[in-house]
Amino acid sequence: MVFVTFDAGAAVAETATAAHAGPSAHLPQQSALDNELEKQSGEIKRGMSSLCRHGPKGMCDYCRPIEPYSAEYREEHGIKHESFYAHLRKINAATNKPELAHSFIPPLSEERYTVLPHCSSGHKPWPRGICSKCQPSAITLSLQEFRMVDHVEFADARMVNEFIEYWRKSGRQRLGYMYGRFEAYTAVPLGVKAVVEAIYEPPQVTDEDGLQMQENYLGSELDLQVDQVAKACGLEKVGVIFTDLLDIRAAGSQAAANGGSVVCKRHIKSFFLSSLEAQFAGLHQHRFPMYTKWSETGRFGSRFVTCVVSGNTDNEIDIAAYQVSNAGVGMVAADLIEPSVDPNFMLVKQEEETRYVPEIFYSKINEYGRQVKENAKPAFPMEYLLVTLTHGFPDRANPMFRASVPFPTEHRADMGVSQDMNALSRTLHLRENDTAHGAATDRSLYDVSDFHLLAYVSSLGILPSDDMQLLARVASSHDVSAAQDLVARPAWQTLLEIVRQST
Ligand code: ZN
Ligand code: ZN
């Protein structure tokens with residue numbers, strides 16, 4: 001179990017004002033990826049089957065292209081949830097029928113579980129008054145059919161190994177923010193993947209069975225600074241990753257049968273993502289909404305993902321990727337739920353002066369095979385909030401960051417690792433390479449290609465923002481002319497000189 005702290009109060013207060021704003025001209029536009037994906041039909045082409053009774057130019061029900069949201073196709077290909085755009089295609093076909101000439105109606109709406117402020121019905125403001133117009137309707141939880149992100153791709157194994165190295169050397173758990181970008185994922189019709197290029201480890205206090213984050217890290221000066229560095233590389237925060245690892249030797253005999261090295265703690269009979277972690281994920285997803293013109297408020301769900309590094313059923317170190325359902329995020333944002341001591345159950349909070357709790361049900365198949373509604377109060381199973389993603393590595397690794405001597409990871413002083421001028425000198429090969437820095441050689445081009453190095457150099461405050469941007473461009477694009485430009489910059493030469501003199 002991982003323990004984390006997060007400023008839930010601030011996130012919730014933010015919701016109360018933002019969730020009811022309606023469509024706003026101030027919201028960011030949807031991304032270029034979204035503009036691209038919404039143009040694609042996503043039709044799944046099929047070849048002629050043995051059941052076809054026509055020639056090569058004919059077409060019948062057995063070979064006609066199928067819709068991207070086809071349930072049969074997903075079942076055949078083991079795809080657990082339909083992609084967001086397949087889902088959108090489906091509900092848009094129902095909302096905006098081409099034969100009806102009415103104007104466009106956004107087919108998506110955000111989950112709203114709080115009482116609407118400024119109700120126009122003329123009663124006293126809630127909690128002194130409430131009516132059917134401003135009160136949130138009952139919530140019925142069911143497994144979310146679609147997912148906002150289908151797959152998480154780690155650009156290379158070295159980055160993940162380096163992250164796990166903290167646990168290997170200290171026996172304590174670790175958390176990092178994943179920086180990367182969202183791309184189309186072609187293994188799923190109209191799919192989206194998060195490509196992770198770097199893991200940044202924020203300040204945290206770690207333990208063998210959990211960790212505590214620095215309170216209010218998100219939005220802090222350090223966080224914004226790292227985001228800036230990422231942005232200069234064309235990256236953004238795409239998710240969070242944390243370990244929950246236990247060495248099999250430390251766990252005694254009962255787990256040692258498989259020959260692997262770590263205990264399988266998370267499985268079908270225990271839990272996958274604890275209610276505490278789900279709340280943590282939900283708060284993050286709420287903080288990083290997706291902007292889309294297909295929603296009436298201009299926002300819908302989130303692409304922020306949560307990855308857990310733990311032991312799989314073969315007792316090997318493995319990654320699992322999740323999101324909390326949009327209903328789950330809505331309930332976290334409205335402050336309706338809280339984690340229970342049982343990782344498999346989420347508690348519904350009590351109604352209070354400032355908290356209206358609507359009726360909440362979850363639908364399940366009972367012992368007679370019939371679909372029934374159960375009251376979710378006081379607690380309901382975590383599985384109703386969980387969306388599972390796939391993850392993997394590319395067939396041919398082509399990572400953004402390629403320094404041959406990795407720069408030390410930040411905030412690891414507790415295990416004797418420090419980021420300093422000596423480390424900078426080593427990663428930049430300054431000692432052996434003293435004369436080479438007049439010109440940008442191929443190797444010195446890659447020497448700066450390390451996200452931790454970029455964040456460190458940025459924190460030194462020696463490079464003006466302009467030069468920092470250029471350094472990030474060299475590190476991420478490996479562009480020779482940008483590198484030549486950098487070498488010619490006085491601030492860069494000053495930095496190298498400072499490094500040389502202090503080592
Ligand atoms: Zn056919
Ligand atoms: Zn009202």
Side-chain angles (χ1 to χ4, degrees), residues 158-170 172 174-177 179 197-206 211 213-214 217 220-230 232-233 235 399-437 440-441 443-476 483 486-487 489-503:
R158 187 172 92 167
M159 163 182 61
V160 176
N161 272 328
E162 182 49 46
F163 177 66
I164 298 169
E165 198 62 13
Y166 180 89
W167 170 79
R168 286 205 182 95
K169 291 210 169 116
S170 72
R172 297 191 296 270
R174 196 66 172 164
L175 176 144
Y177 281 107
Y179 283 92
E197 293 283 2
I199 300 171
Y200 182 86
E201 300 175 11
Q204 55 198 287
V205 179
T206 61
L211 60 89
M213 277 181 71
Q214 178 187 303
Y217 169 74
S220 68
E221 209 177 308
L222 176 61
D223 177 43
L224 296 177
Q225 192 191 358
V226 179
D227 278 355
Q228 280 292 320
V229 170
C233 299
L235 305 176
M400 176 177 278
F401 300 109
R402 305 174 186 178
S404 59
V405 179
F407 190 71
T409 307
E410 53 285 329
H411 306 122
R412 288 187 175 187
D414 62 339
M415 55 181 284
V417 172
S418 59
Q419 298 182 317
D420 54 22
M421 293 295 171
N422 282 312
L424 204 49
S425 171
R426 274 197 303 278
T427 298
L428 296 178
H429 295 100
L430 283 190
R431 293 251 171 90
E432 64 219 70
N433 215 5
D434 246 357
T435 51
H437 275 265
T441 62
R443 206 184 65 182
S444 59
L445 196 63
Y446 290 121
D447 285 347
V448 298
S449 188
D450 185 302
F451 189 76
H452 307 289
L453 176 144
L454 294 179
Y456 175 68
V457 170
S458 165
S459 75
L460 292 175
I462 295 171
L463 291 187
S465 133
D466 233 39
D467 299 273
M468 192 59 225
Q469 299 258 343
L470 182 58
L471 173 62
R473 191 143 64 84
V474 176
S476 56
L486 178 70
V487 169
R489 297 266 178 114
W492 176 246
Q493 289 301 334
T494 304
L495 174 68
L496 294 184
E497 200 46 44
I498 293 171
V499 179
R500 281 199 192 92
Q501 282 178 8
S502 45
T503 54

Assess whether a salt bridge exists between Arg412 and Glu162, defined as any Lys/Arg side-chain N lying under 4.0 Å from an Asp/Glu carboxylate O. yes
Is Glu497 atom CD crowded by more than 12 heavy atoms from other residues, nucleotides or ligands, each under 6.0 Å away? yes
Salt bridge check, Arg402 against Asp450: does any charged N sit closer than 4.0 Å to a carboxylate O? no
Of the non-hydrogen atoms in Met400 and Cys233, which two are nearest, and what is the gap between them? CE-O, 3.5 Å
If you take all heavy atoms of Glu410 and Ile199, which pair is closest and at what distance? OE2-O, 4.0 Å
What one should report as the nearest heavy-atom pair of Leu454 and Val229 is CB-CG1, 3.6 Å
Can you establish whether the number of heavy atoms outside Arg473 located under 6.0 Å from its atom CZ is more than 12? no
Closest non-hydrogen contact found for Phe407 with Gln419 is CE2-NE2, 3.6 Å
Classify the ring geometry between His411 and Tyr200 as parallel (under 30°), tilted (30 to 60°) or perpendicular (over 60°). perpendicular
Distance-only donor-acceptor check, side chains Asp227 and Tyr179, under 3.5 Å: yes
Which pair of heavy atoms, one from Val417 and one from Thr409, lies closest together, and at what distance? CG1-O, 4.0 Å
For the student: nearest non-hydrogen atoms of Ser418 and Pro408, plus distance: O-CG, 3.6 Å
